[in-house]
Amino acid sequence: MSKQLLRCGTSISANVFEAVEGSSRADFLNKMNIALKESNETLYWLLILSKSGYLSEKEYASIYPEAEELKRMVASIVKSTKEKPDYK
C-alpha cells in the first residue's frame with residue numbers, strides 16, 4: 001500500500017511538471033487531468049493506510065488536509081483551463 005501511495009503521490013508533481021512544458025493546451029489539460037486523478041488516488045491510499053493502522057491518527061490528520069488542498073488546486077487549474085474561451 002505504501003508503494004502505491006508513493007507512486008501516485010510522486011506522479012502528481014511529475015505530471016504537473018510535464019504539463020508546464022506541454023506542446024499544446026490539450027496536452028497541458030491532459031497532463032493536469034492525470035495529476036488530478038493521481039491526487040484523488042493519493043487521498044484514497046492515505047485513507048486506507050489510516051484505517052489499516054499504518055498511519056497514526058496524528059499522521060493522517062497532518063497529511064490528509066494538505067493532500068486535499070493539492071487536489072483542489074489541481075482541480076481549479078483544470079476547471080479554469082477548460083473554461084477559457086479558446087479551449088477546444
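In what follows, residues are counted from 1 in the order of the sequence shown.
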Least distance between heavy atoms, Lys71 atom then Leu43 atom: CD-CD1, 3.6 Å

Nearest-0.5 Å distance, CD1 of residue Ile12 to CG of residue Leu70: 5.0 Å

For Ser50, side-chain hydrogen bond (donor to acceptor under 3.5 Å, both in side chains) partners two or more places apart: none

N/O donor-acceptor pair under 3.5 Å between Asn30 side chain and Ala26 backbone: no

Heavy-atom donor-acceptor pair, Glu59 side chain to Ser56 backbone, under 3.5 Å: yes

same_hphob_cluster(Ile63, Ile48) at 4.5 Å side-chain heavy-atom cutoff: yes

Pairs flagged by ring pair (Phe, Tyr, Trp, His ring centres under 6.0 Å) wherever residues 12-58 is involved - sequence neighbours left out: none

For Glu69, side-chain hydrogen bond (donor to acceptor under 3.5 Å, both in side chains) partners two or more places apart: Arg72

Lys37 with Glu41: basic N within carboxylate O range, under 4.0 Å: no

Straight-line distance of Ile34 CD1 to Ser39 OG, nearest 0.5 Å: 12.0 Å

Between CD1 on residue Ile77 and CG on residue Leu29, distance to nearest 0.5 Å: 11.0 Å

Where Asp27 and Gly22 come nearest, the two heavy atoms and their spacing: OD2-CA, 3.2 Å

Ser11 (side chain) donor-acceptor with Arg7 (main chain) under 3.5 angstrom: no

Glu66 CD to Leu46 CG distance, which is reported to the nearest 0.5 Å: 11.0 Å

Pairwise side-chain contact, Leu49 with Tyr60, heavy-atom cut-off 4.5 Å (strictly under): no

Gap separating the OG1 atom of Thr42 from the CD atom of Glu68, nearest 0.5 angstrom: 12.0 Å

Heavy-atom side-chain contact between Asn15 and Met32 under 4.5 Å: no

